[in-house]
Amino acid sequence: MSLGMFMLTSLVLFAMGAVGTFLNRRNFIIMLMCIEVMLLATNLVFLTASVALDDLTGQLLALWVMTAAAAETALGLALCVLHYRLRSTLDVELINLMKG
């Protein structure tokens, strides 16, 4: 497969994640999944550039993005559990009620 096909795939994945994040303002878990798809699309760009340029920098950036994504997911799911325990819903519009 050509490198352009990988770049097009990552562009489509990123666009799907962005559209899913901005159109779905109701469910917190679906928003987290869409953000994860966007991060995986950026990983695909970094890995494709790493192969194209024959350099390890893209692979290191992809590893860093996966680390940040794991931290973001852990924090997001912790907020999701806390919000569900307080409000018994995953509606994102009610999350501003969590202010102390």
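Side chains are part of it too, since the values below use all heavy atoms of this structure and drop only hydrogens, waters and symmetry mates.
Val12 and Val45 sit in two unconnected hydrophobic clusters of ILVMFWY residues. Membership requires side-chain heavy atoms under 4.5 Å apart, directly or through other members. One hydrophobic cluster holds both Leu32 and Leu79 under the rule that ILVMFWY side chains link at heavy-atom gaps under 4.5 Å.
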Under 3.5 Å, which donor-acceptor pairs link side chains of residues 35-42 to any protein atom two or more places apart or in another chain?
| from | atom 1 | to | atom 2 | distance (Å) |
| --- | --- | --- | --- | --- |
| Glu36 | OE2 | Thr73 | OG1 | 2.5 |
| Thr42 | OG1 | Leu39 | O | 2.6 |

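Between the CZ atom of Arg87 and the CG atom of Leu82 there is a distance of 10.0 Å, given to the nearest 0.5 Å. With values rounded to the nearest 0.5 angstrom, Cys34 atom SG is found 9.0 Å from Leu23 atom CG. Rounding to the nearest 0.5 Å gives a distance of 13.5 Å between CE of Met33 and CZ of Phe28.
Under the 4.5 Å side-chain criterion, counting only non-hydrogen atoms from C-beta, Asn27 is in contact with Asn24.
When all heavy atoms of Ser50 and Gly58 are compared, the pair lying nearest together is CB-CA, 3.8 Å. Contact between Phe6 and Leu44 at its shortest, heavy atoms only, is O-CD2, 3.6 Å. The shortest non-hydrogen separation linking Thr48 to Met7 is CG2-SD, 4.0 Å. A pairwise comparison of heavy atoms in Ile29 and Cys80 identifies CG1-SG, 3.7 Å as the closest pair.
Shown here are the side-chain hydrogen bond (donor to acceptor under 3.5 Å, both in side chains) partners of Asp55, two or more places apart in sequence or in another chain: Thr57.
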